[in-house]
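Below you'll find the structure, written out as structure tokens, and then a few comments.
So you know, we letter chains A, B, ... as the sequences are listed, proteins then strands, and number each from 1. Note that the coordinates shown come from a computational prediction; the quantities given were computed from them, not determined experimentally.
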2 protein chains.
Amino acid sequence: MGTAERLIASTQQLLWERGYVGTSPKMIQQHAGAGQGSMYHHFAGKPDLALQAIRRSAEELRSQAEEKFREPGPAYARIAAYMLREREALRGCRVGRLAHDPEVVASPILREPLAETFAYLRRRIEELLVEGRERGEFAEAMVAAEVAAALVAVVQGAYVLAQSAGSVEVFEQAVRGGLHLLAAYTA
Amino acid sequence: MGTAERLIASTQQLLWERGYVGTSPKMIQQHAGAGQGSMYHHFAGKPDLALQAIRRSAEELRSQAEEKFREPGPAYARIAAYMLREREALRGCRVGRLAHDPEVVASPILREPLAETFAYLRRRIEELLVEGRERGEFAEAMVAAEVAAALVAVVQGAYVLAQSAGSVEVFEQAVRGGLHLLAAYTA
DNA sequence: GTCTATATAGTGATAGAC
DNA sequence: GTCTATCACTATATAGAC
């Protein structure tokens with residue numbers, strides 16, 4: 001792995017653990033085993049490097065989600081697979097955690113991958129809900145766009161609860177609660 | 001309002017906007033119109049001041065929630081009142097946003113008010129769900145603790161979606177989705 | 001209680017040698 | 001491409017005068 005790649009990977013990791021304001025160029029350089037000059041040779045500065053790292057994390061997240069969405073089986077099962085996906089709850093969501101970073105939120109450029117990621121997740125789950133409704137899995141009255149937003153929110157909120165409690169169990173409890181409600185929403 | 005009080009109020013505000021790692025003592029002093037010596041006279045340092053601010057924000061949040069939980073009417077309506085409470089979604093949750101702050105999460109002392117706040121919300125909503133179930137509002141099969149965790153998570157996750165999108169509408173969409181699912185969960 | 005001075009370390013970057 | 005030197009500024013205090 002080249003130096004530029006190592007810098008991006010290290011930035012991804014540190015942004016996940018500490019967010020943007022909590023991560024300094026020096027931390028990144030030490031983590032990547034690269035010098036100052038090296039980092040500023042490959043990237044224009046902290047925002048540039050962070051943008052590339054955030055974009056990559058967003059791609060990875062979408063690709064992992066898409067794996068679950070594409071599984072065979074009923075819509076409910078595919079949504080459940082996404083929500084129950086093995087997650088290290090106490091590390092948080094590598095994309096969602098940046099939604100609470102003041103400098104990311106203040107920068108339209110850094111925020112854009114977050115917006116895109118959640119727009120994708122909501123749209124994709126909405127499609128599955130509509131598909132399931134047409135097959136009789138869910139009640140006709142379902143407002144798919146709203147339920148999709150709620151299900152994505154359950155996962156993101158579950159991270160908040162888990163990190164606040166310092167316990168992964170709360171994460172699973174919240175996700176199971178969301179799926180419990182969805183499973184009961186039948187004709 | 002005395003200087004100490006002004007410092008706490010300013011810290012509450014800045015922690016809400018920028019989190020713990022994104023807030024410096026200098027910012028707090030300027031916001032409060034107090035000097036360095038003044039701050040360090042009243043508080044041992046940044047962690048001490050932050051702890052008092054976090055505790056106060058947690059109390060305020062619980063008190064606002066409790067107002068809604070105590071309203072007359074069916075359990076569903078009281079839970080809906082809490083979830084639909086007027087919120088400035090783009091400012092985030094003053095307690096939940098700290099769950100993504102590395103130094104808050106790393107400090108058991110600073111994290112404790114977060115754990116307590118969400119434990120309270122989950123317990124309180126679980127009580128309402130049990131009460132509603134006994135009155136026939138919800139299906140007998142409801143797993144109240146899990147559904148309660150999911151509903152709290154919907155609100156916290158809705159903040160993440162709204163801040164990522166830079167739009168308050170997503171917040172309302174997610175919350176309505178959660179209530180939609182709950183409303184359909186009847187015997 | 002509040003003020004100013006001082007201190008050590010870190011932040012985010014630029015300059016120029018190698 | 002990478003290294004070291006340097007820079008202006010901020011972070012988080014402590015010390016002591018007023």
Side-chain angles (χ1 to χ4, degrees), chain A residues 1-56 97-98 100-111, chain B residues 1-56 97-98 100-111:
Chain A
M1 194 162 47
T3 304
E5 287 298 313
R6 260 178 14 250
L7 282 163
I8 293 178
S10 293
T11 306
Q12 283 185 271
Q13 178 109 36
L14 286 163
L15 288 180
W16 193 350
E17 288 168 11
R18 303 192 42 88
Y20 184 85
V21 294
T23 300
S24 71
K26 189 178 207 170
M27 289 178 197
I28 295 170
Q29 292 150 23
Q30 288 177 341
H31 191 281
Q36 296 245 110
S38 201
M39 183 190 124
Y40 285 101
H41 170 76
H42 291 288
F43 303 95
K46 178 180 167 179
D48 178 35
L49 176 49
L51 178 59
Q52 313 226 23
I54 294 172
R55 282 188 177 148
R56 187 161 304 182
R97 77 114 57 225
L98 298 172
H100 281 149
D101 192 294
E103 316 235 324
V104 170
V105 171
S107 158
I109 294 172
L110 293 180
R111 189 164 55 70
Chain B
M1 194 161 49
T3 303
E5 287 297 312
R6 266 188 356 262
L7 283 164
I8 291 178
S10 293
T11 306
Q12 285 186 269
Q13 178 108 36
L14 287 163
L15 288 181
W16 192 350
E17 288 169 10
R18 302 192 42 87
Y20 183 86
V21 294
T23 300
S24 70
K26 189 179 206 171
M27 289 178 196
I28 295 169
Q29 292 150 24
Q30 288 177 342
H31 191 279
Q36 295 246 108
S38 202
M39 184 191 124
Y40 286 100
H41 171 75
H42 292 288
F43 302 94
K46 181 180 167 180
D48 178 35
L49 177 48
L51 178 59
Q52 313 227 20
I54 294 172
R55 281 187 178 150
R56 188 162 303 183
R97 77 114 59 228
L98 298 172
H100 281 150
D101 193 293
E103 315 236 323
V104 171
V105 170
S107 157
I109 293 171
L110 292 179
R111 190 164 54 72

Checklist entry - Mapping G37(A) and P25(A) to their closest nucleotides on DNA chain C, which lands nearer the 5' end? => result P25(A)
Item to check | Separation of atom CZ in F43(B) from atom P in dT2(C), rounded to whole Å | outcome: 11 Å
Item to check | Rounded distance (Å) that lies between atom P of dA13(C) and atom CG of D48(A) | outcome: 10 Å
Checklist outcome for this item: Atom CD1 of I28(B) and atom P of dT10(D) are separated, to the nearest Å, by 16 Å
Item to check | Test: E103(A) and R111(A) ion pair at under 4.0 Å | outcome: no
Item to check | Donor-acceptor contact below 3.5 Å, side chain R18(B) vs main chain P102(A) | outcome: no
Checklist entry - What is the distance, rounded to the nearest whole Å, between atom CD of Q29(A) and atom P of dC3(D)? => result 10 Å
Next on the checklist: With a 4.0 Å limit, can you tell me whether K26(A) has a side-chain N or O closer than that to the phosphate oxygens OP1/OP2 of dT11(C)?
Outcome noted: no
Checklist outcome for this item: Checking dT11(C), dT2(C), dT2(D) against the side chain of M27(A) (C-beta onward), the nearest is dT11(C)
Checklist entry - Counting side-chain heavy atoms from C-beta on, which of dT4(D), dT12(D), dG1(C) comes nearest to Q36(A)? => result dT4(D)
Checklist entry - Taking OP1 and OP2 of dT2(D), is either one under 4.0 Å from a side-chain nitrogen or oxygen of T3(A)? => result yes
Next on the checklist: Quick check against the 3.5 Å criterion: does D48(B) have a side-chain atom that pairs as donor or acceptor with the backbone of F43(B)?
Outcome noted: no
Item to check | R97(B) (side chain) donor-acceptor with E17(B) (main chain) under 3.5 angstrom | outcome: yes
Item to check | dT2(D) OP1/OP2 closer than 4.0 Å to side-chain N/O of H42(A) | outcome: yes
Checklist entry - What does G35(B) touch in the nucleic acid at a heavy-atom separation under 4.0 angstrom: a base, only the sugar-phosphate, or nothing? => result sugar-phosphate
Next on the checklist: Between C1' on dA5(C) and OH on Y40(B), what's the gap in Å once rounded to a whole number?
Outcome noted: 15 Å
Item to check | Protein-nucleotide distance (L49(B), atom CG; dA13(D), atom C1'), rounded to Å | outcome: 14 Å
Checklist entry - Of all the choices, dA13(C), dT2(D), dT11(C), which nucleotide is nearest to the side chain of S24(A) once you look at every atom? => result dT11(C)
Item to check | Closest nucleotide among dC3(D), dA13(C), dT14(D) to the S38(A) side chain | outcome: dC3(D)
Checklist entry - Rounded to the nearest Å, what distance is computed from the CG atom of residue L7(A) to the P atom of nucleotide dG1(D)? => result 13 Å
Checklist entry - Given atom CD of E5(A) and atom P of dG1(D), what is their separation to the nearest angstrom? => result 13 Å
Next on the checklist: Check whether Y40(A) forms a cation-pi arrangement with K46(A) (NZ or CZ under 6.0 Å from the six-membered ring centre, at most 45° off the ring normal).
Outcome noted: no
